Chemist: 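Pasting a structure below so you can have a look.
Just the heavy atoms: all of them, side chains too, but no hydrogens, waters or symmetry mates, feed the values below. Proteins get letters first, then strands, A, B, ... in listed order; numbering begins at 1 in each. Please read these numbers as outputs of a predicted model, since none were measured by experiment.
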Number of protein chains: 2
Amino acid sequence: MNAGKQTKGERTKSLILETAMTLFQEKGYDESTMRNIAERAGVALGNAYYYFPSKEHFIHAFYERLWNEQLLAYEGVLEAESTLKRRLLGVLVAELRIIEPHHRLCLALFKSAADPRSPVSPFSEESRPLRESCIDFYRRLVEGATETIPPELKRELPYLLWLFHMGVVLFWIYDRSFGSIRTQKLVLHSADLIGNLVTLMSVPVMSPIRQRILNLIAAVKTEFLDETLPPLNPSQS
Amino acid sequence: MNAGKQTKGERTKSLILETAMTLFQEKGYDESTMRNIAERAGVALGNAYYYFPSKEHFIHAFYERLWNEQLLAYEGVLEAESTLKRRLLGVLVAELRIIEPHHRLCLALFKSAADPRSPVSPFSEESRPLRESCIDFYRRLVEGATETIPPELKRELPYLLWLFHMGVVLFWIYDRSFGSIRTQKLVLHSADLIGNLVTLMSVPVMSPIRQRILNLIAAVKTEFLDETLPPLNPSQS
DNA sequence: GTCTATAACCGGATAGAC
DNA sequence: GTCTATCCGGTTATAGAC
């Protein structure tokens, strides 16, 4: 295990990965067969499966790249903006900018990602590190915001914003408008609305409603977070 | 075309459909191969494909059965309940009761249904009749409710409730709690909350927030409804 | 138009030899 | 680690029978 140089296996693995990514970008996910990838990478089919047990395993690698790129852009937003409203808006706009070039690919991946049993589901055990890193980021976004936020709500907000962001991505996947303008509008309007709603929850009259909302969250929240989903049993039900 | 008796073709078709449904129920969707279905129905593989051009085509038939059963139960709720809150709660509880026995099957179907390009997506052109029938039902639910609802909001509410109901089903699909208790809690809390929020929107102070919400809806709404999605091109991207 | 039988294609996945 | 051969299941094609 020399630290500087990659082992042969590592080189083969990243060769296959790069080839897959290029091919996905060129021809889309469904059109890129495992045989294509292996052939183009100059390895045997079985060898590709040796490093990537299923075609879906390429997806996690793609996630991680995207997330690194996003995190980089998000840090800039947190430094530049101070209100919750503008931080949220900035982050969502940055996200859209980054993922838009991959719209077609994401549409194809979504078929796998939507399956709760798949390891590439955003709610899977395998996605936990990425998911927690993402919620953690929203925690920092909320902590640094200047608005007055009821503390019980503030505690839940990172999780809620993460969930909301998942909803935006879901909407974006289905969005066929030119340049995803519709999703951009959604982001614009809803960042604004969320900012208003959050501060509105501070006024005393809203106390009962706030409590109801918090109760709802408490009753329902653990889903996707605390529980361990059983691993995907390749072909089941 | 004699009205009373089915033609031979109709009989064969429903024989195949029944067999498929039974098999799905017994072994799950992925485990039931087209070869299984054909064999069990006592027809040739090609004959199954003659009536059901793809495996997914069985899904629409399944949808329709479920929706008929639901509609029947829902009518009873509308007759028995008068407030928006209780009507909504009654309908959602009835829905959960009806779909719960098919949890495993729905989980498997979801992989296809989640793909926006698939004809079995709830947002597809092929699903339009079912979708509109469902939104129409929510229209009647809202029309008959006794609460005072701001008219501009009332106009949008059927669509919003349909969307919300889709969200509940999505949550349910991911819900692994025993007997889907967590989804039941979600339904209980959120029907209550929605009832409160809707009437809250009538009070004058809420006017600006209400307007913001309506603007958001207007900016974003047409998605899934007015546009024609291109048909699924079997293997694309 | 309805149906059978059979073979074949394609692509994800696996087994087992080297 | 890497290969070849094979399985499996959705899907298609063909050619012909009723």
Chemist: Any side-chain N or O of B:Lys8 less than 4.0 Å from the OP1 or OP2 oxygen of C:dT2?
Modeler: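 No, because none of the side-chain N or O atoms of B:Lys8 sits under 4.0 Å from OP1 or OP2 of C:dT2.
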Chemist: Please tell me if A:Thr12 has a side-chain N or O lying less than 4.0 Å from either OP1 or OP2 of D:dT2.
Modeler: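 So the side-chain polar atoms of A:Thr12 do come within 4.0 Å of the phosphate oxygens OP1 or OP2 of D:dT2, strictly under.
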Chemist: From the options D:dC3, C:dA5, C:dG12, select the nucleotide whose nearest atom is closest to the side chain of A:Ala44.
Modeler: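 Within the option list, the nearest is D:dC3.
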Chemist: Measure from CG on A:Leu45 to C1' on D:dC3 and round the result to the nearest Å.
Modeler: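 In whole Å, D:dC3 C1' and A:Leu45 CG are 10 Å from each other.
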Chemist: Check the phosphate of C:dT4 against B:Asn47, side-chain N and O only, distance under 4.0 Å to OP1 or OP2. Yes or no?
Modeler: yes
Chemist: Output yes when B:Glu125 and B:Arg128 qualify as a salt bridge under the 4.0 Å nitrogen-oxygen rule, no when they do not.
Modeler: yes
Chemist: For a 4.5 angstrom cut-off between non-hydrogen side-chain atoms, does A:Phe62 reach A:Leu105?
Modeler: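 A:Phe62 vs A:Leu105: side chains touch.
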Chemist: I want to verify a distance call: between C:dA13, D:dG10, D:dT12, whose nearest atom is closest to the B:Lys55 side chain?
Modeler: D:dG10
Chemist: Looking at D:dC3, D:dT12, C:dT4, which one has an atom nearest to any side-chain atom of B:Val43?
Modeler: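 From the listed options, C:dT4 comes nearest.
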Chemist: Examine C:dT2: is either OP1 or OP2 under 4.0 Å from a nitrogen or oxygen in the side chain of B:Tyr50? Give yes or no.
Modeler: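 B:Tyr50 to C:dT2 OP1/OP2: side-chain N or O found under 4.0 Å.
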Chemist: Could you check whether A:Arg140 pairs with A:Glu79 (Lys NZ or Arg NE/NH1/NH2 to Asp/Glu carboxylate O, under 4.0 Å)?
Modeler: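 Looking at A:Glu79 together with A:Arg140, the answer is no, because their closest N to O distance does not fall below 4.0 Å.
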Chemist: Could you give the CZ-to-P distance, from A:Phe58 to C:dG12, as a whole number of Å?
Modeler: 10 Å
Chemist: Between atom NZ in A:Lys13 and atom P in D:dT2, what is the gap in whole Å?
Modeler: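 Computing the A:Lys13:NZ to D:dT2:P distance gives 13 Å.
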Chemist: Less than 4.0 Å between a side-chain N and a carboxylate O, is that true for A:Glu18 and A:Arg11?
Modeler: no
Chemist: Could you tell me the separation between the CD atom of B:Glu56 and the C1' atom of D:dT11, rounded to a whole number of Å?
Modeler: 13 Å
Chemist: Considering only side-chain heavy atoms of A:Tyr51, which listed nucleotide, D:dT6, D:dG9, D:dG1, is closest?
Modeler: D:dG1
Chemist: Whole angstroms only, please: what is the CZ-P distance between A:Arg35 and C:dG11?
Modeler: 7 Å
Chemist: Grab the OH-P distance between A:Tyr49 and D:dT2 for me, whole Å please.
Modeler: 17 Å
Chemist: Atom CE of B:Met34 to atom C1' of D:dC8: distance rounded to whole Å?
Modeler: 15 Å
Chemist: With heavy-atom distances below 4.5 Å as the criterion, would you say the side chains of B:Pro119 and B:His57 are in contact?
Modeler: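 Not touching, per the 4.5 Å side-chain cut-off.
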Chemist: Between the base of C:dT2 and the side chain of B:Arg11, is there any donor-acceptor pair under 3.5 Å?
Modeler: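 Side chain to base: no pair below 3.5 Å.
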Chemist: Measure from OH on A:Tyr29 to C1' on C:dG11 and round the result to the nearest Å.
Modeler: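 Rounded to whole Å, this separation is 12 Å.
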